Amino acid sequence: MKLVTWNVNSLRARLPRLLQLLEVERPDVVCLQETKAAAGAPFPLELAGAGYTAVGHGGGRWGGVAVLLGPGLQPDEVVAGLPGEPDPAEARWLEVDVGPLRVVSVYVPNGRAVGTPTFAAKLAFLDAAAERLAALRGRSLVVAGDVNIAPTDADLYDPAAFIGSTHVTPDERGRLGRLLEGGMVDAWRLLHPEETGFTWWDYRAGHFGRGLGMRIDLLLLSADLAGRLTGIRVARAYRKGPGPSDHAPLLATLDDPG
DNA sequence: ATGGCCAGCGATGCTGGA
């Protein structure tokens, strides 16, 4: 089974690149973030044409998450929204049951600046996510998305450049740690303990070309699924070329259950 | 070479992203 998570920075704007990814990689499950699609907005017909069933949680002008399922897969239970989240209208959390798996696509708030109300809302969202994952403990669980936290300084191009900024504070990292309680595994780090694995690069100032990125998109797996992880990579090709997102897709492969 | 802001809204320049 092949899993993808990708902050597309607008589904509409990214559709050509998304269709390219679906055709080339043929993933089974795709978690999308920042679709910028309104609640109830129809998905582009091209997705169905490519063989994918889409489940969305719309967030209007900003935000929005979705899960795409490949041929032969259908959504069972769908839960949109996160109990206790600060602003449900931002549409940052979507759970979809796919066979024995519960798949979560999550887009954690940015937080903008430490000490602001939006930063407090980011922490509150993370608290709510930890509560929800505790409630889901024991299930075969995939939590995939843009967490807007660099887990450690090894996930930054230059730790000194982030002193005093969001994405690196103990408040944020501590809450990310709570998401990993109960045996959830950071899939990239499981197979790549040293390699940087950046998933986001600022559009500005040539950051991508200069290798100035961050690892803020994560695939978290419950322990049973982590044991089946055979590969994970950042598809940097989708950060290049015409009309890229500022995030690259993260692709993982799981062995079939034996 | 990991190459130099983008998307939405809406009609102009501002907001948000991280």
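Source: prediction; values computed, not measured. Throughout, a chain's letter reflects where its sequence line sits, starting with A, and its residues are numbered from 1.
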Give A:D217 one of three labels, base, sugar-phosphate or nothing, depending on what nucleic acid heavy atoms sit under 4.0 Å from its own.
nothing
With heavy atoms under 4.0 Å as the rule, sort A:D202 into base, sugar-phosphate or nothing.
nothing
Ring centroids only, cut at 6.0 angstrom: are A:F162 and A:Y157 within range, meaning strictly under it?
yes
Looking for any heavy atom pair under 4.0 Å, which part of the strands does A:W200 touch: base, sugar-phosphate only, or nothing?
sugar-phosphate
A:Y203 side chain, from C-beta outward: closest of B:dC5, B:dT2, B:dA7:
B:dC5
Value for NE2 (A:H207) from CG (A:D202), rounded to nearest 0.5 Å, stands at 5.5 Å
For a quick test of reading the model: is some side-chain N or O of A:R12 closer than 4.0 Å to OP1 or OP2 of B:dG8?
yes
Could you check A:L229, A:L218, A:L219, A:V234 and say which one makes a side-chain contact (heavy atoms from CB on, under 4.5 Å) with A:W188?
A:V234
Under the rule for salt bridge (Lys or Arg N to Asp or Glu O under 4.0 Å), what residues qualify as partners of A:R239, not counting sequence neighbours?
none
Does B:dC6 have OP1 or OP2 under 4.0 Å away from a side-chain N or O of A:R14?
no
Pick base, sugar-phosphate or nothing for A:Y107, based on heavy-atom distances below 4.0 Å to the nucleic acid.
sugar-phosphate
Report yes if a side-chain nitrogen or oxygen of A:S10 is closer than 4.0 Å to either non-bridging phosphate oxygen (OP1 or OP2) of B:dC6; otherwise report no.
no
For A:P109 and for A:A205, locate the closest nucleotide of DNA chain B by heavy-atom distance; then report the residue assigned to the nucleotide nearer the 5' terminus.
A:A205
Which atoms of nucleotides 11-16 of chain B (N or O only) lie under 3.5 Å from a protein N or O atom, and what are those distances?
none

If you look at every strand shown and take non-hydrogen atoms under 4.0 Å, does A:L212 touch a base, only sugar-phosphate, or nothing?
nothing
